[in-house]
> 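If you scroll down you'll find the structure; I have some questions about it.
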Amino acid sequence: MKKLIYFLPLLLALSCAEKEVKQIEKEIKEEITEEPMSAKPDSVLRHTVFFSFKETSSPDDIQSVIDAFRNLQNEIDGIEEFEWGTNSSPEGLNQGLTHAFILTFHSEEARDAYLPHPAHDAFGKILGPHLDKVTVVDFWTRP
């Protein structure tokens, strides 16, 4: 019986600790579900740009253009995403364009502020000596 008396406080403490952990877990779950989800627009504006580079441009020259283009998202507010890649289509319909870039905006105002931005102009000076062809298409996404 004496041993039971010694273990009773230990059992009580363990029981309370378990309830406390469950209460904390419950509060954390409630906090997570109560936070509003970040509002994503139903549609976004995609600014797609396709380049081909001059034969005289080295891989390092091309990489410097890519890096400068990517860096615009750090210099210009309103660019929500930046993606790029090289042509891999087997169809042969790229008309010599080799590199694709996609900038995502949430409004026409953000895109319109990007176009004349000084950082965009500075990028054009980096691109200019290496650019062979360019095509630009902007569109609003649809579900």
Side-chain angles (χ1 to χ4, degrees), residues 3-4 6-143:
K3 290 181 182 178
L4 183 60
Y6 292 126
F7 286 112
L8 195 55
L10 179 62
L11 289 174
L12 185 60
L14 288 174
S15 174
C16 290
E18 186 176 316
K19 287 180 183 176
E20 187 175 322
V21 167
K22 286 183 180 180
Q23 179 62 29
I24 291 171
E25 288 174 353
K26 181 181 175 187
E27 289 172 6
I28 290 172
K29 286 179 183 176
E30 287 173 358
E31 285 180 27
I32 290 172
T33 57
E34 288 177 7
E35 288 183 24
M37 294 177 58
S38 61
K40 287 192 173 185
D42 294 337
S43 181
V44 294
L45 180 58
R46 303 275 195 216
H47 176 71
T48 60
V49 181
F50 306 93
F51 293 151
S52 66
F53 293 95
K54 293 179 181 176
E55 289 183 20
T56 56
S57 296
S58 71
D60 286 342
D61 293 332
I62 294 170
Q63 189 60 52
S64 69
V65 169
I66 293 167
D67 293 343
F69 206 169
R70 177 188 297 119
N71 192 54
L72 291 179
Q73 66 188 330
N74 299 320
E75 298 183 45
I76 304 173
D77 290 337
I79 300 174
E80 301 296 331
E81 291 181 46
F82 173 88
E83 301 169 277
W84 78 276
T86 57
N87 178 51
S88 65
S89 174
E91 295 178 291
L93 300 175
N94 58 308
Q95 299 182 14
L97 299 166
T98 57
H99 289 69
F101 302 86
I102 302 173
L103 285 76
T104 301
F105 297 93
H106 287 180
S107 69
E108 288 181 3
E109 293 80 13
R111 186 262 329 263
D112 293 348
Y114 153 81
L115 293 172
H117 194 282
H120 186 242
D121 290 341
F123 165 69
K125 290 181 176 124
I126 294 168
L127 170 65
H130 305 291
L131 182 64
D132 181 37
K133 295 181 196 173
V134 62
T135 296
V136 177
V137 176
D138 291 358
F139 66 94
W140 282 96
T141 60
R142 296 182 184 186

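Please read these numbers as outputs of a predicted model, since none were measured by experiment.
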> Where do Glu75 and Ala119 come nearest, in terms of heavy atoms and distance?
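What the structure gives for the nearest pair is OE1-CB, 3.3 Å.
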
> Holding to ring pair (Phe, Tyr, Trp, His ring centres under 6.0 Å), I want the full list of residues that pass it with His117, two or more places apart in sequence or in another chain.
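Ring pair (Phe, Tyr, Trp, His ring centres under 6.0 Å) list for His117, sorted by chain: empty.
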
> For Ile126 versus Ala68, what's the shortest heavy-atom pair and its separation?
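Minimum heavy-atom contact is CD1-CB, 3.8 Å.
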
> Got a sec, which pairs hit side chain to side chain donor-acceptor pair (under 3.5 Å) with one end in residues 76-86, sequence neighbours left out?
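Listed once each, the pairs would be none.
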
> Which pairs with one or both residues in residues 118-143 pass ring-ring contact (aromatic ring centres under 6.0 Å, His included), sequence neighbours excluded?
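Matches after skipping sequence neighbours: Phe69-Phe123, Tyr114-His120.
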
> Under the rule for side chain to side chain donor-acceptor pair (under 3.5 Å), what residues qualify as partners of Asp132, not counting sequence neighbours?
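Result, side chain to side chain donor-acceptor pair (under 3.5 Å) vs Asp132: Ser52.
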
> Determine all donor-acceptor pairs shorter than 3.5 Å in which one atom belongs to a side chain in residues 93-103; sequence neighbours excluded.
{"unit_1": "Asn94", "atom_1": "ND2", "unit_2": "Leu97", "atom_2": "O", "d": "2.7"}
{"unit_1": "Thr98", "atom_1": "OG1", "unit_2": "Phe51", "atom_2": "O", "d": "3.3"}

> Just jot down the side-chain contact (heavy atoms from CB on, under 4.5 Å) partners of Asp67, sequence neighbours excluded, or say none.
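Partners of Asp67 under the side-chain contact (heavy atoms from CB on, under 4.5 Å) test: Gln63, Arg70.
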
> Check the pair Arg46, Thr141 against side chain to side chain contact (heavy atoms under 4.5 Å, CB included), reporting the backbone distance first and the verdict last.
CA-CA 7 Å; Arg46 303 275 195 216; Thr141 60; 3.6 Å; yes

> Going from OG on Ser57 to CG on Leu131, what distance comes out if it is rounded to the nearest 0.5 angstrom?
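Between atom OG of Ser57 and atom CG of Leu131 there are 9.0 Å.
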
> Only counting residues at least two apart or in another chain, list the ones meeting side-chain contact (heavy atoms from CB on, under 4.5 Å) with Ser58.
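Here the qualifying residues are Asp60, Asp61.
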
> Could you list the residues that satisfy salt bridge (Lys or Arg N to Asp or Glu O under 4.0 Å) with Arg111, not counting sequence neighbours?
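Partners of Arg111 by the salt bridge (Lys or Arg N to Asp or Glu O under 4.0 Å) criterion, ordered by chain and then number, come out as Asp138.
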
> Looking at every non-hydrogen atom in both residues, tell me the closest pair between Ala113 and Pro116 and how far apart they are.
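Closest pair (atom of Ala113, atom of Pro116, distance): O-CD, 3.5 Å.
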
> Not counting sequence neighbours, list each pair that qualifies as a salt bridge (charged side-chain N to carboxylate O under 4.0 Å, His left out) and has a residue in residues 92-103.
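For residues 92-103: none.
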
> Test side chain to side chain contact (heavy atoms under 4.5 Å, CB included) on Thr104 and Leu45; report intermediate values, then the result.
CA-CA 6 Å; Thr104 301; Leu45 180 58; over 6 Å; no

> Could you please spell out the steps behind the side chain to side chain contact (heavy atoms under 4.5 Å, CB included) verdict for Thr48 and Val136?
CA-CA 6 Å; Thr48 60; Val136 177; 5.9 Å; no

> Report yes or no: does Thr135 contribute a side-chain atom to a donor-acceptor pair with the main-chain N or O of Phe50 at less than 3.5 Å?
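No.
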
> Taking the side chain as everything from C-beta on, heavy atoms only, tell me whether Val65 gets closer than 4.5 Å to Phe53.
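A side-chain contact exists here, since the closest heavy-atom pair is under 4.5 Å.
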
